[in-house]
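Note that the numbering runs from 1 along the sequence shown for the chain. Only this structure's heavy atoms are used, side chains among them; waters, hydrogens and symmetry mates stay out.
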Amino acid sequence: MRYLIRFLRPYIKECIFAPLFKLFEAVLDLLVPLVMTAIIDEGIAKEDLSFILWMGALLLGFAVVGVVIAITAQFFAAKAAVYFQTDVKHALFKHIIRLDAASQDKVGSATLITRMTGDINQVAASVNWSLRLFLRSPFIVFGAMIMAFIIDVKAALLFVVLIPVLSVIVYICLRVTIPLYKNVQKRLDKVLLRTKENLAGVRVIRAFLRQKTEEESFENENETLLTEQLHVGRIASLMNPLTLLIVNSALIFLIYVGGVRVEIGELTQGQVVALINYMSQILVELIKFADVIIIVNKSLACADRIREVFELQEGEYSDLLSSNTDKNTKLGVSETNTSDETEIDVALACEGMSFSYPGSKKNALDGVDLNVKTSESLGIIGGTGSGKTTLLSLILKYYDVSEGRLDIFDKSINEWSPDILRKKIGYVPQRSVLFSGTIRSNLAWGNESASDEKMWEALRIAQAEEFVKEKDGLDTVVEAGGRNFSGGQRQRLCIARALVKNADIYVFDDSFSALDTATEATLRTQLSEYVNKVKATLVIVSQRIASVKGADHILVLEDGQAVGYGKHDELLESCEVYREIDRIGGDGS
């Protein structure tokens, strides 16, 4: 929790005023029993009606002032909690989207969603409750004990025994439940993961008639979560009845002893009523404090999970960004287009490069060598699982190379900051991803300052111009995920988005798979003309020879191994895997 306290610093005023006003309210609450004592011992005992009315008006004034103070305290506490929640969510989301793929794989998307929503909401609720009650409740408890000493020292000794006993109960509950709440949150992650997988693969589940199996799996995960929640709930629920038992037992003892001492004249009736009121205040406040403890327990587990995400590669990107800007300038690598820099010769080079995913003993790529000069094109071909997308992930610096060397524009990949490197790459992923908005807003992802002419040129090259004009042009609405477009249309819009960007390297990860042969052929021709015009490097990943046969260099991958490298004609003669792809129809014919 201490890690997240920094997000409360801008709201220090609210964090001071909220508990301060609650303390004012607590002072009024502690004065009420004294007024009641005066009413009983002075007003009722002496039948002084004017005194009773005056004291009653004083109590009414306490009530009105108390309501105003309580509302003011709630305002400050709620404001601090809501703004704290907003700032943490913004910071966490900003951090998550800048994490490399390895870090995201380590945590998992399902638990990231839980931590972005449920965990932060729980911590914010804890902040709200703590600002209002974490000081008020102990103040009332110890204040009531002090007031009891003012009324009668002998009776107050009961308070001295009562408060430590209750504190021990709260402490034991705290120690036992915090680890259990952490387990509950982990189980919740698994339920969310199962839900996410089922929703994403609902069509596959139906196609293979796996509904019953998946329902049973979800039921098992949910039952485990329920069992964990019931276990921790049972332990936490013991706090209130134990508190009530002890306080009410003390209250019975106080009434008995107080009645005896009133009879012998050691206490007045008003003093006994005041002591009972203070005992009741302790009871109420301890119940509230128990609720706060339960909420804080949950929030501590949640805060620890949020901290774990923040600590993943914290500070890496800002450091790299600042340290590499001067290096890029010295090397002739600008943040715009580097193709005009004559000293940059090699756009992409690998030497003995290997890579294995975290936790895997086997290399996903092993001993890859290639050399692609600026303005040349590279085709990467191979079967499913051969390592094509993995190689692109290394080029985009989603992962770090395990062994060997990977250079981009004559500079090691390790010297590039992800921000600057990705500004130089126009990337079309294997899965076409569009965002809710318009076609214009989606194309602007590649270049926010792009003109309409630039966007239409990109749409024309991507063979998307015709269907965009048939709709509402650049202002055509794009629904979430681009679900109002077909697969081929989404793919062409993603290609256009990459082309709008003034990139030095254009990377297409099997990005023509949803296109028919004629459309793909036209697109490839116009794409080649465009990259030659802007002197950019082109990287195309495909399982079809037709998509890569015109490239200056072709890399053939099989099970992570580079089994061929050269031009189309050379590979037909020298590479068995390439010939096999060609023989079984890998040319798309």
Side-chain angles (χ1 to χ4, degrees), residues 93 96-97 99 101-122 180-234 298 301-302 305 309 357-360 362 364 383-390 393 398 428-437 477-494 509-516 543 559:
F93 180 76
I96 288 172
I97 62 176
L99 289 175
S103 298
Q104 292 184 15
D105 292 344
K106 178 181 178 182
V107 180
S109 59
T111 184
L112 287 176
I113 293 172
T114 305
R115 298 181 198 205
M116 271 288 298
T117 52
D119 286 356
I120 293 180
N121 293 344
Q122 184 66 53
L180 295 177
Y181 280 123
K182 289 182 179 180
N183 291 336
V184 167
Q185 291 302 118
K186 291 178 181 178
R187 293 296 181 184
L188 182 60
D189 288 343
K190 292 183 178 180
V191 171
L192 182 61
L193 177 61
R194 177 68 63 180
T195 305
K196 177 175 174 288
E197 288 178 341
N198 286 341
L199 290 175
V202 64
R203 294 184 179 181
V204 178
I205 292 171
R206 290 173 181 171
F208 287 88
L209 300 177
R210 300 283 294 179
Q211 294 98 319
K212 187 66 177 177
T213 303
E214 290 303 318
E215 286 174 7
E216 291 175 356
S217 297
F218 178 81
E219 192 68 27
N220 291 336
E221 296 286 358
N222 218 16
E223 282 295 329
T224 305
L225 173 62
L226 176 62
T227 302
E228 294 278 355
Q229 287 178 321
L230 289 175
H231 179 55
V232 67
R234 290 189 185 101
K298 294 179 180 178
C302 294
R305 287 156 49 82
V309 179
Y357 286 99
S360 175
K362 182 181 178 181
T384 302
S386 60
K388 304 185 299 297
T389 299
T390 299
S393 297
Y398 292 149
V428 183
Q430 194 170 19
R431 178 173 172 265
S432 301
V433 178
L434 295 175
F435 298 89
S436 57
V477 174
V478 179
E479 297 179 8
R483 60 174 176 263
N484 55 327
F485 294 94
S486 68
Q489 288 174 336
R490 287 197 300 269
Q491 203 164 65
R492 282 176 278 176
L493 288 173
C494 288
D509 186 2
D510 206 6
S511 305
F512 310 138
S513 58
L515 306 181
D516 59 78
Q543 296 185 50
D559 293 331

Can you give me the closest heavy-atom contact between [X] and [Y], atom names plus distance?
{"X": "L225", "Y": "R187", "result": "CD1-CB, 3.7 Å"}
{"X": "F485", "Y": "V477", "result": "CE1-O, 4.0 Å"}
{"X": "S511", "Y": "P429", "result": "OG-O, 4.0 Å"}

Nearest 0.5 angstrom please: [X] [atom1] to [Y] [atom2], how far?
{"X": "N183", "Y": "T227", "atom1": "CG", "atom2": "OG1", "value": "12.5 Å"}
{"X": "Q491", "Y": "L515", "atom1": "CD", "atom2": "CG", "value": "5.0 Å"}
{"X": "T114", "Y": "K186", "atom1": "OG1", "atom2": "NZ", "value": "13.5 Å"}
{"X": "L180", "Y": "R234", "atom1": "CG", "atom2": "CZ", "value": "12.0 Å"}
{"X": "I96", "Y": "M116", "atom1": "CD1", "atom2": "CE", "value": "5.5 Å"}
{"X": "E221", "Y": "L192", "atom1": "CD", "atom2": "CG", "value": "11.5 Å"}

Could you tell me which residues satisfy salt bridge (charged side-chain N to carboxylate O under 4.0 Å, His left out) with [X], sequence neighbours excluded, listed by chain and number?
{"X": "E214", "value": "R194"}
{"X": "E219", "value": "none"}
{"X": "D119", "value": "R305"}

Can you find a heavy atom in the side chain of [X] that is under 4.5 Å from one in the side chain of [Y]?
{"X": "K388", "Y": "D510", "value": "no"}
{"X": "E223", "Y": "L226", "value": "yes"}
{"X": "C302", "Y": "I120", "value": "no"}
{"X": "D509", "Y": "V428", "value": "no"}

| request: Please say whether more than 12 non-hydrogen atoms of neighbouring residues, nucleotides or ligands are located less than 6.0 Å from CZ in F93. | output: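 Atom CZ in F93 is not packed in, count stays at 12 or less.
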